[in-house]
Number of protein chains: 2
Amino acid sequence: MGGRAVRIVKRVQDGESTGQDRGQCLHDLIREDIVEGRLEPGARLKTAELAKRYGTSTNPVREALHHLQGEGIVIISPNRGARVRPISEDFVRNIYEIRALIEPYLVRWFVNYATDREIEALEILQRDIDENRSDYQWYWQANEQFHNIIYGRHYNQEAVELEFQQRKVLHILTRRYAISRARWQAITREHWDIIEAIKRHDADEAARVMEQHVRGACQHLIEQMRAASVNKALHRP
Amino acid sequence: MGGRAVRIVKRVQDGESTGQDRGQCLHDLIREDIVEGRLEPGARLKTAELAKRYGTSTNPVREALHHLQGEGIVIISPNRGARVRPISEDFVRNIYEIRALIEPYLVRWFVNYATDREIEALEILQRDIDENRSDYQWYWQANEQFHNIIYGRHYNQEAVELEFQQRKVLHILTRRYAISRARWQAITREHWDIIEAIKRHDADEAARVMEQHVRGACQHLIEQMRAASVNKALHRP
DNA sequence: GATTGACACCTTGTGTATAATTTAGCAAGG
DNA sequence: CCTTGCTAAATTATACACAAGGTGTCAATC
């Protein structure tokens, strides 16, 4: 009886986390590992293994897994455990088609309620993106900021959160692939077109360009996925 | 050591559930209790209480709660437990605005790929709905079937699932309020207009009516909420 | 070669201990 | 006398160790 208590106290004294703090954001840690590619799509997520990895017991892991299932990143089958969601081409297309509805809807509001300050921030950010094409890590951060400025103050936080979750899921894939030169040019053009439309308070045009922007991203990602799968097939015949 | 094992064996012999089977659908049970109004919006969801209620231990309850959080029905604050999501007017408006994007998108596909059999099923169903206006319980079931026929075979299952989840959340509210006579007429008319548009393979018209249908539902629900809150204020001055 | 049985792994549920929060009760000050 | 602050106890969430059942795999036998 006393033995267990002593072990726990010892662990706390050793300076390890009590687990309590970690538990709140364990799903964030796991999600990060998934998004960053340290856990491959389709990989089994064994509770004991993850517990060891993050220095907790299996129970918080199970809860985090259920949480991530809600976000669509993890799939749990009864008595068979959890896996990282395998992302198919169909899935990508489906998600992007929803985004093609949501993002134009969100940007329409911004066109009418953007402050001069925000527009200026967008321009500065986009100029930075133009100049730092080489730095990937940085691009994704800047791109996220670009979207956050546009969507952050929108009244429909449910829609914003939906868009954010979709972006997280897709980021599992996008970060793995390079961005083609043609796509870079398109992104640049589209971003500037959106900024222009916002400046002119032309909601229809902004929505139109945004939809085009989303569809372009979708097509580019699917092309990259196909190219990668061809490469894989060639290397493993 | 042996004592616990004996207890468990005894319990199984007594014919109680091993718990294993329940766990798969515990979140369904809790969701049902929430949707059916047995658990009020904003009510605290204490794990011990729920565990007793469903005859399990606290752990499966926690997992179910995390799952439901992913569905947006439950809100969990760290170290403070879970609550049934309090549904505000803003929230309703936000969800319906998303639905006003998704549902027209979904119906467009159906217009092009509906079979004669499906269209006939819609007509039969709607005639039944027209004739049984009085029966609420039945109406919601029939209405669900009506939508399931239109959305069930859509290729974008992600969008379908999103729509389904939103419907579940809104149903927590809608079932509490009556449907006004005016709204009944509108529903009937809109449903028939949608069926007509589908028959003519007029996707634009079907989408237009569907959007109107969603916005009408939104407005009606919000009016009912306001009326209810006024009543509440009068009865508790 | 196919089927069946046994074994190992893993998920799932339970009980208990620990840590956090909330609430109440009480005291001191306005 | 009421309000405000703190302290302690009850309440509740959280984490951990354990037990049991299910799933998949591998080998042996028909």
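In what follows, every chain begins at residue 1, and chains take the letters A, B, ... in the order their sequences are listed.
At a threshold of 4.0 Å, the pair A:E223-A:R183 does not count as salt-bridged, since none of the basic side-chain nitrogens sits closer than that to a carboxylate oxygen.
Atom CZ of B:R83 and atom P of D:dA13 are 11 Å apart (whole Å). At whole-Å resolution of the value, NZ in B:K52 and C1' in D:dT12 are 14 Å apart. With rounding to whole Å, A:E63 atom CD is found 15 Å from C:dT11 atom C1'. Between the CG atom of B:L50 and the C1' atom of D:dT12 there is a distance of 12 Å, given to the nearest Å. Note: CG (B:L26) to P (C:dG13) measures 8 Å, nearest angstrom. Atom pair B:N59:CG and C:dA17:C1' shows a separation of 14 Å (rounding to whole Å applied). Rounding to whole angstrom units, CG of residue A:L65 and P of C:dG13 are separated by 14 Å. B:Q69 places its CD atom 14 Å from the C1' atom of D:dA13, with the value rounded to the nearest Å.
When the nucleotides C:dT12, D:dC16, C:dA20 are ranked by their closest atom to the side chain of A:R62, C:dT12 comes out on top. Listed candidates were C:dC10, C:dT12, C:dA20. Nearest to the side chain of A:N79 is C:dT12. Closest to the side chain of B:K46, from the set D:dA17, C:dT12, D:dA13, is D:dA13.
The phosphate of C:dT11 has OP1 or OP2 within less than 4.0 Å of a side-chain N or O from A:T47. For the pair A:R80 and D:dG24, the criterion of a side-chain N or O lying under 4.0 Å from OP1 or OP2 is met. Residue A:R44 places at least one side-chain N or O closer than 4.0 Å to OP1 or OP2 of C:dT11.
Side-chain N or O atoms of A:N156 include one that pairs as donor or acceptor with a backbone N or O of B:N94 at under 3.5 Å.
Heavy atoms of A:L45 sit under 4.0 angstrom from primed sugar atoms or phosphate atoms, though from no base atom. B:I76 comes within contact range of no nucleotide atom at all, as no heavy-atom separation falls under 4.0 Å.
Aromatic pair B:Y105/B:H154: ring centres closer than 6.0 Å.
Here B:I149 contributes atom CD1 and B:L122 contributes atom CG; the two are 4.5 Å apart, rounded to the nearest 0.5 Å.
A donor atom on one side chain and an acceptor atom on the other are not found under 3.5 Å apart for A:E163 and A:Y151.
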